[in-house]
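What follows is a set of notes on a single structure, which appears directly below.
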2 protein chains.
Amino acid sequence: MRKTGQSGKAAPRTQDPEGTRRNILEIASEEFALNGLAGARVDEIAARTRSSKRMIYYYFGDKEGLYVSALENAYRQVRDGEAKLDTDGLPALEALRRLVEFTFDHHHRHQEFIRMVMIENIHRGEYLDRSDAIRDLNATAIDHIARIYARGVADKQFRPGLDPLELHWQISALCFFNVSNRATFSHIFGRDFGTTDALARLKDNTVEMVLRFVARKDALPDD
Amino acid sequence: MRKTGQSGKAAPRTQDPEGTRRNILEIASEEFALNGLAGARVDEIAARTRSSKRMIYYYFGDKEGLYVSALENAYRQVRDGEAKLDTDGLPALEALRRLVEFTFDHHHRHQEFIRMVMIENIHRGEYLDRSDAIRDLNATAIDHIARIYARGVADKQFRPGLDPLELHWQISALCFFNVSNRATFSHIFGRDFGTTDALARLKDNTVEMVLRFVARKDALPDD
DNA sequence: GGCAAAATGTACGAACTGGTTAGTTTCGTC
DNA sequence: GACGAAACTAACCAGTTCGTACATTTTGCC
């Protein structure tokens, strides 16, 4: 799909391939996040689109192709957002705190992304396999935490011997679960964990938990 | 068609309502855990059953009724298993360690359960709402950790002011994610987190993380 | 203006899917 | 050993769902 160089802004057209594609992808992302791969309906997606079912198949091949694109779309958006955090000037302990807080909030802000990841895990990552675009996006996601950790160890603030990737795992777990399992958890224990108050407490706990895990005892405040 | 001994139990019958029901539920649980509510096929379930599609509707009403039963089934099995852990004789710190280790392993042993919970969360707990059976099962699930925590605080091993339910949340998060998101996580970071080695490390980390979060500084070993 | 390629609209159909209809067999019990 | 209820079977049905065939318009380019 090549775009010839044009002068000025593109004039409004009756035909707008790029816009159509984007519009379809947007609606599809919503529907898949809402209903899952099997649960989403191509006809329903088409109906909500400014375009038609014909166009879905024209641009994305089939339902699964559309799903994979929606998945890529979700990852791309979220990773783009993550890149905005900058902690380079901060002391390691503070940087880590910021990172965890940011991750917590970021997950909370992008619930459709969380849902897509849940759905994809139900499918055992089968469709992720078909997308080389996604792996590339995440290769650098680990860098940030690795840098902070290295800094903290050098400063004798963090205990050595931890694996940044495993640390990332733990942080992800705490922040992800917080969104992914809220429905069942709240229901079962009869307490709403979605209130701003509950969320604030969970965030504090999460930060605290990570910091206590990583920091050396003497770098922590007294109990 | 085998004959059971006449050991007081019902003689073998060609008609076996209880057995049929259980058989259907068993297969249905597998299929729903495998494919989700929308993804599972009633015909496929029926085919794998010793019985027929008609019987599914006879005993469970409709597809959703069958799904709710499968969900209840999953919760019941897992909660029954959990009840087996006994830490009452142990010092609080050791008891908590055992609890976390057990939870970690237990989640790992019951991946179909995890999948059912994931699926139900995709459905926002809508079907959990329809089942009063499940809430009752979990009302006591929090007791165990609450007892350990209270003991630890009394013994000056744990820092006070924590909420057992929130603690349970954190532990669940770490152990749940470990199963639920393995597919995408492993894929994205190109490292298999399902090996016995990786699991052992993650378990250690998880235990460590919880203990460091709960214990008072002076109750912990040096870094 | 003319033309091929890209983009789009309309309508349809084959296969699937949840659910049912209608009828048969089994079984406790009186 | 008759009888009604419970357990069960097989075939079928109607609505849905993904996907496509065919026709048409728009666009870039000479």
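Residue numbers begin at 1 in each chain, while the letters A, B, ... track the order of the sequences. Since the model is a prediction, treat every value here as computed from it, not as a measurement.
Per the geometry, CZ belonging to B:Arg50 stands 17 Å off C1' belonging to D:dT9, to the nearest Å. For the pair B:Asp62 CG and C:dT17 P, the computed distance is 17 Å after rounding to whole Å. For the pair A:Ile45 CD1 and D:dG19 P, the interatomic distance rounds to 11 Å; values are reported in whole Å. When rounded to the nearest whole Å, the span between CD of B:Glu18 and C1' of D:dA6 equals 14 Å. For A:Arg21 and C:dT8, the CZ to P distance is 12 Å, given to the nearest whole Å. Atom CZ of A:Phe60 is separated from atom C1' of D:dT20 by 18 Å (rounded to the nearest Å). Distance, A:Glu31 CD to D:dC18 C1': 15 Å, rounded to whole Å. To the nearest angstrom, C1' of C:dA15 lies 12 Å from CG of B:Asp43.
Taking the six-membered ring wherever Trp is involved, the centroid distance between the rings of B:Trp169 and A:Phe189 does not fall below 6.0 Å. The aromatic ring centres of B:Phe32 and B:Tyr67 sit less than 6.0 Å apart.
Contact between the side-chain N/O atoms of A:Ser52 and the OP1/OP2 oxygens of C:dG9 is found at a separation under 4.0 Å. At the phosphate of D:dA7, neither OP1 nor OP2 sits under 4.0 Å from any side-chain N or O atom of B:Thr20. Under 4.0 angstrom from either OP1 or OP2 of C:dG19 there lies no side-chain N or O belonging to B:Arg54. Within the structure, every side-chain polar atom (N or O) of B:Tyr58 is placed at least 4.0 Å from both OP1 and OP2 of C:dG19. For the pair B:Tyr57 and C:dT20, the criterion of a side-chain N or O lying under 4.0 Å from OP1 or OP2 is not met. The phosphate of C:dA6 has neither OP1 nor OP2 within less than 4.0 Å of any side-chain N or O from A:Tyr59.
Among the atoms of the strands shown, none is found under 4.0 Å from any heavy atom of A:Ala46.
Looking at A:Tyr127 and A:Glu64, their side chains do bring a donor and an acceptor atom within 3.5 Å of each other.
Tested against B:Ile148, the residues B:Leu99, B:Asp88, B:Val214 include a single side chain to side chain contact (heavy atoms under 4.5 Å, CB included) partner, B:Leu99.
Between D:dT17, C:dA7, D:dT9, one nucleotide has an atom nearer to the side chain of A:Arg41 than all others, and that is D:dT17.
If you check distances only, the side chain of B:Lys53 does reach the base of C:dG18 with a donor-acceptor pair under 3.5 Å.
Checked for salt-bridge contact, B:Asp129 and B:Arg124 miss the test: no charged N lies under 4.0 Å from a carboxylate O.
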